[in-house]
2 protein chains.
Amino acid sequence: MTDSDINTEKSILLSARRIFTIKGFDGARMQEIADDAGINKALLHYYYRTKDKLFEAVFKEVLNVIFPKIISILQSPIPVFEKIEKISLTYIELLKENPDLAIFVFHEISRNPQRLVENFRNAGIDFGIIRKQITLEAKQGVIVSVKAEHLITNLISMCVFPFIAKPVLKGMMGMNEEDFQQFIEERKTVIPHTLISSLTPNK
Amino acid sequence: MTDSDINTEKSILLSARRIFTIKGFDGARMQEIADDAGINKALLHYYYRTKDKLFEAVFKEVLNVIFPKIISILQSPIPVFEKIEKISLTYIELLKENPDLAIFVFHEISRNPQRLVENFRNAGIDFGIIRKQITLEAKQGVIVSVKAEHLITNLISMCVFPFIAKPVLKGMMGMNEEDFQQFIEERKTVIPHTLISSLTPNK
DNA sequence: CCTACTTTTGACCAACTGGTTAAACCATTT
DNA sequence: AAATGGTTTAACCAGTTGGTCAAAAGTAGG
């Protein structure tokens with residue numbers, strides 16, 4: 001009912017994503033997903049045979065939103081500083097538009113870590129390339145010498161974590177929803193600034 | 001059986017924490033917790049009436065490990081840079097000793113955000129104090145002017161996130177367990193260095 | 001209108017889950 | 001050794017859950 005009934009299969013996927021995100025895999029009920037999609041529960045099993053397969057369909061769809069954008073940036077021939085800026089911007093914008101995407105992915109991490117890693121590999125994300133670039137630019141003196149692992153981890157941490165911890169941050173720092181949106185908007189520049197100023201040589 | 005049967009109540013709590021962490025609240029089964037503790041399922045209900053109450057007991061115990069350490073640092077009369085160093089060190093050491101603590105707390109965030117925020121308040125964490133200190137030191141020119149919200153968020157993000165995303169990071173960057181432990185150890189200095197060098201005035 | 005096909009449904013089921021209960025067990029005190 | 005009171009258990013229960021199935025409803029072509 002919520003979604004147009006033009007395409008049942010698609011509206012199931014939408015409802016499933018909604019419910020799985022809020023409740024997690026174990027907390028989600030097939031009946032609830034069916035209700036949300038405005039259909040009979042048996043119809044879920046008609047389109048996606050099992051709960052597992054339904055989840056997997058949702059999961060793959062979600063990853064297809066995340067991966068392509070990040071990959072194209074990582075592989076583009078621009079300096080590290082620019083990549084940091086672009087990734088911050090793209091990542092935060094993506095998560096701002098799909099606020100529970102981070103929570104959904106991390107639900108899956110604790111449920112089935114292996115599968116996510118495999119999807120990463122299949123997506124063609126090659127960590128070696130960015131590592132090479134970072135060590136190269138460090139040797140050239142463009143940036144301070146730093147382990148690629150830490151730089152990337154710092155970047156992703158600062159972009160993603162606020163969305164996972166959103167309610168805690170809001171509560172702790174006394175923000176309302178508008179404040180939080182503003183806060184997230186600011187991070188588009190704060191994160192690159194933090195990383196770049198810590199990476200700029202000549203102190 | 002795994003734990004000493006000297007204190008049944010305590011061994012239940014240990015097993016419950018183990019299972020809740022791995023499976024989440026909805027995924028955890030009372031029978032599994034009982035098995036893990038080597039006791040009858042009815043005994044769980046004898047000590048902790050319901051699954052909810054058992055979870056709450058585990059949750060409070062977990063928070064009692066986290067909060068006191070952080071609070072004492074935040075309220076101690078030392079400069080911001082030192083606080084950053086001490087919090088990084090304490091936080092990472094804490095999470096290194098209790099690797100699934102972050103995942104446990106995160107599970108609870110998505111299950112019941114409100115309760116966690118309330119616990120934060122009750123624990124007496126006062127964000128106003130640290131905010132005041134940061135703006136003061138910024139005015140004095142000791143650190144670059146920065147919004148306290150972003151600084152704290154950056155700090156916590158970089159400390160906690162790697163533990164939540166551990167399997168993904170390991171997979172993506174091709175680390176084995178030993179590598180990862182080394183990586184985490186390095187972050188005790190990498191995180192303060194990143195933040196402090198971005199906060200040090202006079203470029 | 002009939003036939004063949006896909007989509008949708010209500011009724012149903014076996015397995016599982018959190019929780020209960022009455023009885024057994026065990027350590028102390030009397 | 002009997003009584004007491006906390007601890008532990010096996011058996012059980014009512015409600016829920018993922019999943020099935022046969023039949024109904026819709027759809028298109030001949």
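Order of the sequence lines fixes the chain letters, A, B, ..., with proteins taken first and strands second; residue numbering starts at 1 for each chain. What you are looking at is a predicted structure, and each value in this text was computed from that prediction instead of being measured.
- Rounded to whole Å, the distance from NZ on B/Lys53 to C1' on C/dG18 is 14 Å.
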Protein and nucleotides 23-25 of chain C: nitrogen or oxygen contacts under 3.5 angstrom:
none

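- OP1 and OP2 of D/dT7 both lie 4.0 Å or more from every side-chain N or O belonging to B/Thr8.
- The OH atom of B/Tyr48 sits 17 Å away from the P atom of C/dG18 (whole-angstrom rounding).
- The side chain to side chain donor-acceptor pair (under 3.5 Å) analysis of residues 71-92 of chain A, with sequence neighbours excluded, yields the pairs A/Lys83-A/Gln133.
- Of the possible donor and acceptor atoms, one in the side chain of B/Asn176 sits under 3.5 Å from a partner among the backbone N and O of B/Asp179.
- Using a 4.5 Å cut-off on side-chain heavy atoms (C-beta onward), A/Asp126 and A/Leu74 make no contact.
- Of the possible donor and acceptor atoms, one in the side chain of A/Asn98 sits under 3.5 Å from a partner among the backbone N and O of A/Leu94.
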With B for base contact, S for sugar-phosphate-only contact and - for none (protein heavy atoms under 4.0 Å), nucleotides 9-24 of chain D reads BB------SBBBB---

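- For A/Glu177, the side-chain contact (heavy atoms from CB on, under 4.5 Å) partners at least two apart in sequence or on another chain are A/Lys166, A/Lys170, A/Gln181.
- With sequence neighbours left out, B/His150 forms a ring pair (Phe, Tyr, Trp, His ring centres under 6.0 Å) with A/Phe183.
- A search for ring pair (Phe, Tyr, Trp, His ring centres under 6.0 Å) contacts involving A/Phe59 returns nothing, not counting sequence neighbours.
- For A/Glu108 and A/Arg111, the salt-bridge test passes: some basic side-chain N is under 4.0 Å from an acidic carboxylate O.
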